[in-house]
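The structure appears right after this line, and notes come after that.
Residue numbers start from 1 in every chain, and the chains themselves are labelled A, B, ... in the order their sequence lines are given, proteins ahead of strands.
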Amino acid sequence: MKISLNWLKEYVDIGDMPVVELVNSLTMSGLEVEDYVDQKEIYKDFIVGFVKEKNKHPNADRLSLCTVSNGKEDLQVICGAPNVDKGQKIIFAPVGAVIPKGNFQLKKAKIRGVESCGMICSEDELELGDDHDGIMVLDDSLIEGTPLCDALNLNDVIMEIAITPNRPDALSHIGVARDVCALLGKELKIPEVKISESLGEASKFAAVEIEDVENCPRYSAKIIKDVQIKKSPAWLEDKLKNIGLRPINNIVDITNFVMHETGQPLHAFDLNKLAKQKIIVKSTDEETKFTTLDSKERTLPKNTLMICDGEKPVAVAGIMGGENSEINENTKDILIESAYFNPSSIRRTAKVLQLSTDASYRFERGTNPNITDFAAERAANLISELSGGTIIDGILDNYPKKIEPQNIIIRYSRVTKLLGYDIDKEKIKNVLNSLELKIVSEDNDNLTVSIPTFRPDIEREVDVIEEIARINGFENIPTISKISITLDKKTDETTFAELLRTTANGLGFYEMINNPLQNKETASVIGTPVFVKNPQSLDMECLRTSLIPGALKVVSQNIKYGEKDLQLFEIGNVFNKLSDKKISSVDDFTEKGKLIFILTGKSSKKQWFAKEKGYDFYNLKGMLNSFERKISLDNVLNDSYNNIESNFYDYFIQKNYKETQIGEGGKLNKDLLKQFDIAQDVYLFEYDLELLKSIIPDKKYYIEPLKFPKIYRDFAFIFDKEIDFETVRDFINKKSSDLLKSIRLFDLFEHESLGRNKKSLAFAMEYYSNKRTLTEEEVEKDFRSLITAVTNKFGAQLRGN
Amino acid sequence: MLQEKIEQIKEDFSKEISNIDNDKQLEELRVKYFSKNGLIASLFGLLKDASKEEKPQLGKVLNTLRSGLQNQFNVVKEQVSKDGSSKSIDVDLTLPGIERNIGSKHILTQTLDEIKSIFKGMGFSVSEGPELESDYNNFEALNFPPDHPARDMQDTFFISDDFVLRTHTSPVQIRLMQAQKPPVRAIMPGRVYRNEAVSSRSYCMFHQVEGLYVDTDVTFAELKGTLASFAKQFYGDNLKFRFRPSFFPFTEPSAEMDITCFICKGDGCKICKHSGWLEILGCGMVDPNVFDNVGYDNEKYTGYAFGMGIERIAMLKYGITDIRVFFENDYRFLKQF
């Protein structure tokens, strides 16, 4: 929200406090000044200029070549605006001036071959308004050479303050001034307004009824007759422009002015357009179509709070007036609405209509129900002053059940308990008084404080303690340097994931983090996606059902960048819908942690010591084995192999723990890769994290290193090609005595010289005992019988014999 | 004549052997003087032309010469072989080494690790919660009433009337407090979602770390001390900080913590929007309504909570100006950290 310093000064005397200090105090008390513009500073280089001559630019039809006087000399200036003309007083930016819009410094320039020594400015360029159709033409009476700040009275500081949702009281100049008073120990100066007797003469001209008291606890109205609708005087227009509002006419401008002064939104109706000169506040009992004053027809659902006249709705309460009762240049008599609405009701309607106005913004945060009369009178006074209208004596003020200030008890001990330090009692009382939190009674330990109705955020003791802390300054709360640590058990639920990450890194994998929001097509490849009700775009309509599509997108994108050899992993959650129903409980969807490994491209580039090699299935399988060993799950998982094509894989492997599958992966098939525009082989594996985590690895015990020598034996057999490695290995294990401790496949060889559909497998075997030194003879015996067994079992032929 | 030659050889040998410092040169010297066709052998060859009388004498001289030079040679040979640095093996050590590729954690994970380790050192546990969260845990239990403008502070992705993609990690506070009695001291990292237009400065999802401490005597002063200690450990000892009042529905009082901009050292720059300060986290004392919602006695217990965005911290720390790079997973980016 924009706050004008000059305007603020009407309510609080800040003396000669430098702006920087004021800004800092406000920020440090919770009204964060995000930015401020010191007009004297940003407009210091601009002056009033006089266009003495205007000629066509010799080389460009649309440009004018002007002679501009800056009061001292005549300068040649090129201007592109269509409305520039001889005899105008204009805003002149000399070379060196910094143009606010775009924040650039003006240099002497040649435009289409002709030199220009400055610039004639538009409103837009100076950020004085939105008009960028042409240059800003100034009043003829201004004298060239006059600094712009003096000529246009630009001597304000405009602060942009971020008001948090709990502070509706600060959404006005008086509201901000109240905090400034509290911070500086000053008196708040509120304009004097005489509040009329209720009803009085006014009741002859109109009547106010509230049907829905729940949502409209108070409705005040003033009537002004014989107004003259016209442009507002400069002081009012300037005030509004400075805080970013567009002046419209004297009546609307005054309602805006009073809202930004007091925080109370006002609406002006054309009294003669109100049927039966009646205001009835009620909630609709059916869906209603209604045209608001922005000329848009809106559909209001049943139970929308509306302002109606004797026949029809005339405004959406607290949000926007209707076209049918809008004031225009012919309006004579007006009714000023100044009401208090239930914040939730306004917010619900504003949400449904997707319409947020300055009024609804304030009402939904909570206005002060006890200033509606003040604001209406204030507006009426100004209107009669500026429009010549006659204020009708009396106020139509319907306030069935008064909202009273509430009392709260504050314990000094609680202030200390919460903030961690003692604040002097007098100091506390001063802060409360300065914020108009009235101390009703007190004793040694407690204060009873009456909370003014402009502070709906203060409902409890803790809210008052915040006020004390805030105005007293958070910087005065000590920063202690010792804390006590409880000795209960500390846990870290991320430990397992960290182990996985570290292990993956050790294997050479880089971690990626993908956006779980995906388009429907991508998310549906593998599961049943959960949809977002209000997605930003169709690209991010669903939650991922698997980590695979996201990973493939990354692979695809990297290949396009020229990064073709990739080793990546990701840990993240995936989501699947379980039923066709709307999601209303945790049984309707799953959210599961997953871990994916993905390999593609070359495992090693051609180098001086090695040949180029691509990743293959055995890289994947081996890395998974290493990974599982590192997390101590190598002996508990079993693999099942599938060399039958599936939807996603040419061939794949499943990892199981007992009967439960905990992961799956393999070589992706071309069709799937094509969907992601990938032309190279990709290998991946996805684990279910929760299942992986749930497996308790076997407890590790120390094994004494072997003290006895090992005996080695090798053999190679020619097998039929379809006999697979694991079958042979398992058979060897079964047939050997327990002296055989390890079998390593050290060669695999296929060649026509071996015969059709034959292959040679060569095994290196280690024999040893933990208890004694083996003899060559016993190993040889074991080995010989093994050769015979393998030969007979597989019809294999021992090589090298 | 022969005598001259002997003297010449002696002199040359002395000179040459004094320059020897490796095996290769030593071998060259050996070949030159002591081999079958070496210089000494060639002198012995001259013997056959000598007269009978001279022969024994000459032979003696030559033998003396040979054994003298041989002795010198042996001494140097021993020195050369003792001196390791002087020994040369025929290998090009400048060839590129054979590297092993070690992957890395994502820079956001690394940043989080650093944050975690600081808080674990201060006695915090680490907890997690789901991303698809109930509206109750994400808002209501945290004192965001329905139809309250505070809900506008966080643009929400709705899944249904009852479920949302969590907009902050604060619902994990609720889960934790529902599950255990005080004391509770934990940080809660995780992914959160906001329905904000994607740009260089904001993304539709990001990561937060939440902190919570509840016990019988937790104060705002302790909150300040704890976070000041964190900031100093994370950003450096010389850092200045400030706490300024703010608003979050689930804390009262609420504050935002700023640290001196470490780009401009507080002078004002583009990164800190010329204020000299960088906002790094939000915090406050747990609102009594939150305690009510989880069944804690709000008279007996007090607590503080805080939350910070990991992306923002990593961007500041590593000079990353576009938040989107975190999620593009460009290999060239991933390999940098």
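- Residues E32(A) and S246(B) have side chains that never bring a donor and an acceptor to within less than 3.5 angstrom of each other.
- Side-chain contact between P516(A) and M205(B) is present, with at least one heavy-atom pair separated by less than 4.5 Å.
- Within the 4.5 angstrom heavy-atom criterion, no atom of Y361(A) approaches chain B.
- With chain A as the partner, the residue from H274(B), M122(B), E299(B) showing the most heavy-atom pairs under 4.5 Å is E299(B).
- Looking at V218(B), only its backbone comes within 4.5 Å of chain A, counting heavy atoms on both sides.
- If you tally non-hydrogen atom pairs under 4.5 Å between each of E256(B), M188(B), H207(B), K116(B) and chain A, the highest count goes to K116(B).
- The main-chain N or O of S127(B) is never found under 3.5 Å from a side-chain atom of E493(A) such that the two would form a donor-acceptor pair.
- Judged by distance alone, with hydrogens and angles left aside, the side-chain atoms of W608(A) form no donor-acceptor pair with the main-chain N or O of L95(B) at under 3.5 Å.
- Side chain of K224(B) to main chain of I477(A): a donor-acceptor pair is present (N/O by atom type, distance under 3.5 Å, no hydrogens or angles).
- Using a 4.5 Å heavy-atom cutoff, the side chains of T479(A) and E222(B) are not in contact.
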Trace of the salt bridge (charged side-chain N to carboxylate O under 4.0 Å, His left out) decision for E475(A) with R244(B): CA-CA 8 Å; E475(A) 67 275 18; R244(B) 57 185 163 75; over 6 Å; no
Audit row: S160(B), K533(A), side-chain hydrogen bond (donor to acceptor under 3.5 Å, both in side chains) steps and yes/no: CA-CA 7 Å; S160(B) 67; K533(A) 256 171 73 179; over 6 Å; no
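- Interface remark: L543(A) contributes side-chain atoms only to the contact with chain B (heavy atom separation under 4.5 Å).
- Top candidate by heavy-atom pairs under 4.5 Å with chain A, chosen from I159(B), T226(B), D258(B), is I159(B).
- Interface remark: R167(A) contributes no atoms to any contact with chain B (heavy atom separation under 4.5 Å).
- For chain B, the nearby parts of V462(A) are the backbone and the side chain; heavy atoms of each come within less than 4.5 Å.
- No part of V23(A) comes within reach of chain B, as not one of its non-hydrogen atoms sits under 4.5 angstrom from that chain.
- For V532(A), the parts lying near chain B are the backbone and the side chain together; criterion is any non-hydrogen pair under 4.5 Å.
- Of the atoms belonging to F531(A), it is backbone heavy atoms, and not side-chain ones, that fall under 4.5 Å from chain B.
- Heavy atoms of N342(A) lying under 4.5 Å from chain B are absent altogether.
- Without hydrogens or angle criteria, N534(A) side chain to F158(B) main chain gives a donor-acceptor distance under 3.5 Å.
- Here the side chains of I483(A) and R185(B) are in contact, with some heavy-atom distance below 4.5 Å.
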Hey, mind stepping through D147(B) and R348(A) against salt bridge (charged side-chain N to carboxylate O under 4.0 Å, His left out) and telling me if it holds? CA-CA 6 Å; D147(B) 298 323; R348(A) 270 196 302 273; 2.9 Å; yes
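- In this structure, the side chains of N515(A) and Y203(B) come closer than 4.5 Å at one or more pairs of heavy atoms.
- For Y213(B), the part sitting under 4.5 Å from any heavy atom of chain A is the side chain, from C-beta outward, and nothing else.
- When heavy atoms are compared at a cutoff of 4.5 Å, N514(A) approaches chain B by way of both its backbone and its side chain.
- A distance-only check finds no donor-acceptor pair linking the side chain of Q567(A) to the backbone of G103(B) [under 3.5 Å].
- The pair D330(B)-K560(A) does not meet the salt-bridge criterion, since no charged nitrogen lies less than 4.0 angstrom from a carboxylate oxygen.
- Using a 4.5 Å cut-off between heavy atoms, N24(A) contacts chain B through its side chain alone, with no backbone atom that close.
- Proximity to chain B (any heavy atom under 4.5 Å) is shown, for K553(A), by neither the backbone nor the side chain.
- Chosen from K582(A), Q607(A), E466(A), the residue pairing most often with chain B at heavy-atom distances under 4.5 Å is E466(A).
- Side-chain N/O atoms of N289(B) and R460(A) include a donor and acceptor closer than 3.5 Å.
- Annotation: side chain of T219(B) is not in contact with side chain of L418(A) (no heavy-atom distance under 4.5 Å).
- Judged by distance alone, the side chain of D492(A) and the main-chain N or O of K120(B) form no donor-acceptor pair under 3.5 Å.
- F157(B) is listed as a side-chain neighbour of Q536(A), based on a closest heavy-atom distance under 4.5 Å.
- Between chain A and the residues R100(B), E131(B), M285(B), the most heavy-atom pairs under 4.5 angstrom are made by E131(B).
- E498(A) has its side chain within reach of D113(B): a pair of non-hydrogen atoms, C-beta onward, lies under 4.5 Å apart.
- Looking at T27(A), the atoms closer than 4.5 Å to chain B (heavy atoms on both sides) sit in the backbone and in the side chain alike.
- With hydrogens and angles disregarded, a donor-acceptor distance shorter than 3.5 Å links the side chain of K417(A) to the backbone of T216(B).
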Evaluate ring-ring contact (aromatic ring centres under 6.0 Å, His included) for F474(A) paired with F220(B), printing each intermediate quantity in order. CA-CA 9 Å; F474(A) 280 10; F220(B) 200 106; 5.0 Å; yes
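- Under a 3.5 Å cut-off, the side chain of S125(B) and the backbone N or O of T491(A) do form a donor-acceptor pair.
- The aromatic ring centres of Y331(B) and Y561(A) sit 6.0 Å or more apart.
- Within the 3.5 Å criterion, the main-chain N or O of S104(B) finds a donor-acceptor partner in the side chain of N505(A).
- Of the two parts of P343(A), neither the backbone nor the side chain holds a non-hydrogen atom closer than 4.5 Å to a non-hydrogen atom of chain B.
- A heavy-atom distance below 4.5 Å is not found between the side chains of N329(B) and L568(A).
- Of the atoms belonging to I513(A), heavy atoms from both backbone and side chain fall under 4.5 Å from chain B.
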